[in-house]
Amino acid sequence: MIILEDVSKSYSKGAPALSKVSLHIEKGEFVFIVGDSGSGKSTLIKLLLRELYPTDGRIIVNNTDVTKLKHSRIPKYRRGIGTVFQDFRLLKDRNVYENVAFAQRVISVPSSKIRKNVPSVLSMVGLAEKYKSRPKELSGGEQQRVALARAIVNNPPILLADEPTGNLDPKNSWEIMRLLEQINYNGTTVLVVTHSREIVNTMKKRVITMKKGVIVSDQKKGGYIDEY
């Protein structure tokens, strides 16, 4: 599902953000990406979203060679990747229903299907009764669940979650992680960037540890490693 072959990313100054990173993630895997600030996690996510272009190497995502992707095809490519961020990124002037429906309208889903799909996904994340609420009327945990609903309403084969629990308390953090696990159980490949040792150590998924732009550990049913 995701292949990186000797991928490097250098900026104009300083050490490279990524240095010859090779990585294979299979369809249906649940993978944590962990590491200190500056380890290359965010650069990796941006490369997968084609927000950045690698200095060297090759990236293949869902059978698409991202390194050869024409600029005009990037929006269509990104529609196959659900994304959830720490800061929610909701449309503040629209209610919950419209925030989720927006993702469907972008790809021209018929209105009849939107009216079916949006309530279904809101029910899945436990917000069926909040569909008329604006983001400012919701708690942080509820806003993140809206963001998650928006990310999965189009059934993307891949979900990238960059610090999805970073602004949440422990209770809401675990609710989000349970939802991500359910989404993965339904067949979606899930990548989660996180600093939460408790979540990583408890869930026992595949754990990729990065440091200074390289992968220093890749463990099945792993945990958060500090000695690096």
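Just so you know, these numbers use all the heavy atoms, side chains as well, and skip hydrogens, waters and symmetry mates.
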Backbone of [Y] reached by a side-chain donor or acceptor of [X] within 3.5 Å:
X	Y	value
N201	G223	no
Q144	P164	yes
T55	S10	yes
R78	R50	yes
R197	Y224	no
K41	G35	yes
T165	L168	no

Do you know which two heavy atoms are closest between [X] and [Y], and how far apart they sit?
X	Y	value
V100	V121	CG1-CG1, 3.8 Å
P135	R94	CD-O, 3.2 Å
I199	S173	CD1-CB, 4.3 Å
T43	A17	OG1-CB, 3.5 Å
P75	S72	CD-O, 3.7 Å
L180	A161	CD1-CB, 4.4 Å

> Given the rule in the side chain to side chain contact (heavy atoms under 4.5 Å, CB included) test, do R150 and L90 qualify, once you have shown the distances and angles that lead to the verdict?
Replying inline: CA-CA 9 Å; R150 182 181 59 189; L90 300 178; 3.9 Å; yes
Check [Y] with [X], please: is the shortest side-chain N to carboxylate O separation under 4.0 Å?
X	Y	answer
E137	K130	no
E98	R105	yes
D218	R206	yes

Let me confirm one number: the [atom1]-[atom2] distance from [X] to [Y], rounded to the nearest 0.5 Å.
X	Y	atom1	atom2	result
I2	T64	CD1	OG1	11.5 Å
E129	S123	CD	OG	9.5 Å
I3	I59	CD1	CD1	11.5 Å
K27	N62	NZ	CG	8.5 Å
Y97	L127	OH	CG	15.0 Å
T189	N184	OG1	CG	7.5 Å

Is the shortest side-chain heavy-atom distance between [X] and [Y] below 4.5 Å?
X	Y	value
I183	L148	yes
D6	S22	yes
Y53	T67	yes
Y77	K70	no
M124	S120	no
M210	V34	no
K20	S8	yes
I74	L69	yes

Other residues, nucleotides, ligands: >12 heavy atoms within 6.0 Å of [X] [atom1]:
X	atom1	result
Y131	OH	no
R178	CZ	yes
D36	CG	no
Y185	OH	no

> T194 and F32: side chain to side chain contact (heavy atoms under 4.5 Å, CB included), yes or no, with the steps?
Replying inline: CA-CA 7 Å; T194 184; F32 284 117; 3.8 Å; yes
> Which residue, L44, V61, V66, forms the side-chain contact (heavy atoms from CB on, under 4.5 Å) with L4?
Replying inline: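 Option passing the side-chain contact (heavy atoms from CB on, under 4.5 Å) with L4: L44.
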Do [X] and [Y] sit in the same hydrophobic cluster, where Ile, Leu, Val, Met, Phe, Trp and Tyr count as joined when their side-chain heavy atoms come under 4.5 Å apart?
X	Y	result
V125	F30	yes
M1	V207	no
V109	L122	yes
L47	L191	yes
V84	L49	no

>> By the definition side chain to side chain donor-acceptor pair (under 3.5 Å), identify the one residue from E29, E181, Q219 that meets it with K205.
In response: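 Passing option: E181.
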> E163 and H195: side chain to side chain contact (heavy atoms under 4.5 Å, CB included), yes or no, with the steps?
Replying inline: CA-CA 7 Å; E163 296 288 353; H195 283 105; 2.5 Å; yes
> Do Q104 and N154 meet the criterion of a side-chain donor-acceptor pair at a distance under 3.5 Å?
Replying inline: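 Checked: Q104/N154 side chains pair up, N/O donor to acceptor below 3.5 Å.
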> What's the verdict on side chain to side chain contact (heavy atoms under 4.5 Å, CB included) for K132 and V96, showing C-alpha distance, side-chain angles and the deciding distance?
Replying inline: CA-CA 6 Å; K132 288 185 178 180; V96 167; over 6 Å; no
